[in-house]
*Asks:* 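Okay, handing you the structure first.
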Amino acid sequence: MYMFNPSRETNCERQKGREAPKYHGIVTFAPCFQTNFFIINTNTSFVPVPHPRPANCTRIDAAALLAAIMKRVMGGFLVWLLPFAVSCCLIGPDGKKVVSEDMFRTAMLLVGSITSSYCTYLCDPKTRRSGFEMAALWLLINWILDLIVLVPLLVTEHNSLSVDTYFAMVPVWFCRIGLAYVGFVSMCVVAGACAERAAHATKQR
């Protein structure tokens with residue numbers, strides 16, 4: 001048995017002026033023959049020796065993961081914030097819309113779709129699963145923010161805010177607005193599926 005030294009060159013390497021390959025492990029030798037790279041035999045067994053990852057690599061991976069998560073959270077927040085900001089511009093001080101109801105809904109769908117498409121492009125899901133995870137995160141963020149901000153505003157348009165009026169408005173909000181978010185976040189799944197298909201097609205070439 002021979003402990004292979006990665007810094008040691010073989011005779012063959014010295015003759016040809018090549019750098020010795022960097023192998024780590026335990027190699028057993030029997031009667032051998034010479035190859036282009038090193039002298040070894042047909043009965044050689046190679047046992048790779050794992051090397052611990054440096055601590056700074058772990059810190060870099062954790063920082064990259066945290067940055068990716070925060071990027072997705074900010075994307076979900078923008079999908080909610082921009083349509084909400086535009087809707088505030090289309091509602092007068094008296095609480096009435098300055099445009100027709102149809103124009104208001106069209107504007108919300110247009111702004112929501114553009115914002116969701118752009119944020120999906122920025123977050124760039126690479127697989128279908130990643131797209132599903134991002135869509136679920138965005139849907140959760142938008143629903144929570146609506147339940148905190150939008151539903152109380154809808155209640156105060158007609159009644160005083162109370163627990164009963166709040167929970168009575170939740171089904172109305174879900175049918176009118178909440179379900180629309182499903183269409184916005186579905187772009188994440190489509191983008192992830194397209195990226196996964198493109199990567200698979202590239203590997204097959």
*Asks:* Atom CZ in R105, atom CZ in R176: separation rounded to 0.5 Å?
*Replies:*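 Answer rounded to 0.5 Å: 5.5 Å.
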
*Asks:* Just by distance, do the side chain of T165 and the backbone of S162 share a donor-acceptor pair under 3.5 Å?
*Replies:*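 Here the side-chain-to-backbone pair exists.
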
*Asks:* Determine the minimum heavy-atom distance between M169 and V151, stating which atoms define it.
*Replies:* CG-CG1, 4.0 Å

*Asks:* Run the numbers on V111 and F84 for side-chain contact (heavy atoms from CB on, under 4.5 Å), then give the verdict.
*Replies:* CA-CA 9 Å; V111 174; F84 180 78; over 6 Å; no

*Asks:* Looking only at non-hydrogen atoms, find the nearest pair between L90 and A107 and report the distance.
*Replies:*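 Shortest heavy-atom contact: CD1-CB, 4.0 Å.
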
*Asks:* Check whether any side-chain N or O of N142 sits under 3.5 Å from a backbone N or O of W138 as a donor-acceptor pair, and report yes or no.
*Replies:*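 Between the backbone of W138 and the side chain of N142 there is a qualifying donor-acceptor contact (under 3.5 Å).
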
*Asks:* Measuring from atom CG of L66 to atom CG of D61, what distance do you get when rounded to the nearest 0.5 angstrom?
*Replies:*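 Spacing of CG (L66) from CG (D61) equals 12.5 Å.
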
*Asks:* Following the transitive rule for hydrophobic clusters with a side-chain heavy-atom cut-off under 4.5 Å over Ile, Leu, Val, Met, Phe, Trp and Tyr, establish whether L82 and V79 coincide in one cluster.
*Replies:*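 In one cluster with L82: V79, no.
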
*Asks:* To the closest 0.5 Å, what do you measure between SG (C123) and CD1 (I69)?
*Replies:* 12.0 Å

*Asks:* Go through E133 and L137 one step at a time and tell me if the side-chain contact (heavy atoms from CB on, under 4.5 Å) criterion holds.
*Replies:* CA-CA 6 Å; E133 292 174 353; L137 177 63; over 6 Å; no

*Asks:* Any idea how F184 and Y181 line up, ring-wise: parallel (<30°), tilted (30 to 60°), or perpendicular (>60°)?
*Replies:* perpendicular

*Asks:* Between the side chain of K126 and the main-chain N/O of G131, is any donor-acceptor distance below 3.5 Å?
*Replies:* no

*Asks:* Looking at C188 and P125, what are the two nearest heavy atoms and their distance?
*Replies:*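 Result for this residue pair: O-CG, 3.7 Å.
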
*Asks:* So which atom in S87 and which in F104 form the shortest heavy-atom distance, rounded to 0.1 Å?
*Replies:* CB-CZ, 3.7 Å

*Asks:* I'd like to know if the side chain of R72 pairs up with that of S130 as donor and acceptor (distance under 3.5 Å, no hydrogens or angles considered).
*Replies:* yes

*Asks:* If you look at every heavy atom in T120 and M187, which pair is closest and at what distance?
*Replies:*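 Closest approach of T120 to M187, heavy atoms only: CG2-O, 3.8 Å.
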
*Asks:* List the atom of F77, the atom of I141, and the distance in Å for their closest heavy-atom pair.
*Replies:* N-CG2, 4.1 Å

*Asks:* Side-chain heavy atoms under 4.5 angstrom apart, residues restricted to Ile, Leu, Val, Met, Phe, Trp, Tyr: same cluster for V163 and L150?
*Replies:* yes

*Asks:* Flag yes if more than 12 heavy atoms outside K97 fall under 6.0 Å of its NZ atom; otherwise flag no.
*Replies:* yes

*Asks:* Examine V86 and W80 and state if one hydrophobic cluster contains both, with Ile, Leu, Val, Met, Phe, Trp and Tyr joined whenever side-chain heavy atoms are less than 4.5 Å apart.
*Replies:*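 No, V86 does not connect to W80 through the hydrophobic network.
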
*Asks:* With a 3.5 Å distance limit and no angle check, can you tell me whether T156 reaches the backbone of L153 through a side-chain donor-acceptor pair?
*Replies:*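 Checking the backbone N and O of L153 against the side chain of T156, a donor-acceptor pair under 3.5 Å is found.
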
*Asks:* Please tell me whether V190 and Y118 are part of a single hydrophobic cluster in this structure, the criterion being side-chain heavy atoms less than 4.5 Å apart.
*Replies:* no

*Asks:* If Ile, Leu, Val, Met, Phe, Trp and Tyr residues are connected whenever their side-chain heavy atoms lie under 4.5 Å apart, and connections chain through other members, are V182 and I177 in the same group?
*Replies:*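 Both belong to a single hydrophobic cluster.
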
*Asks:* Using a 4.5 Å cut-off on heavy atoms from C-beta on, say whether the side chain of L147 contacts that of W173.
*Replies:*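 W173 reaches L147 side chain to side chain.
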
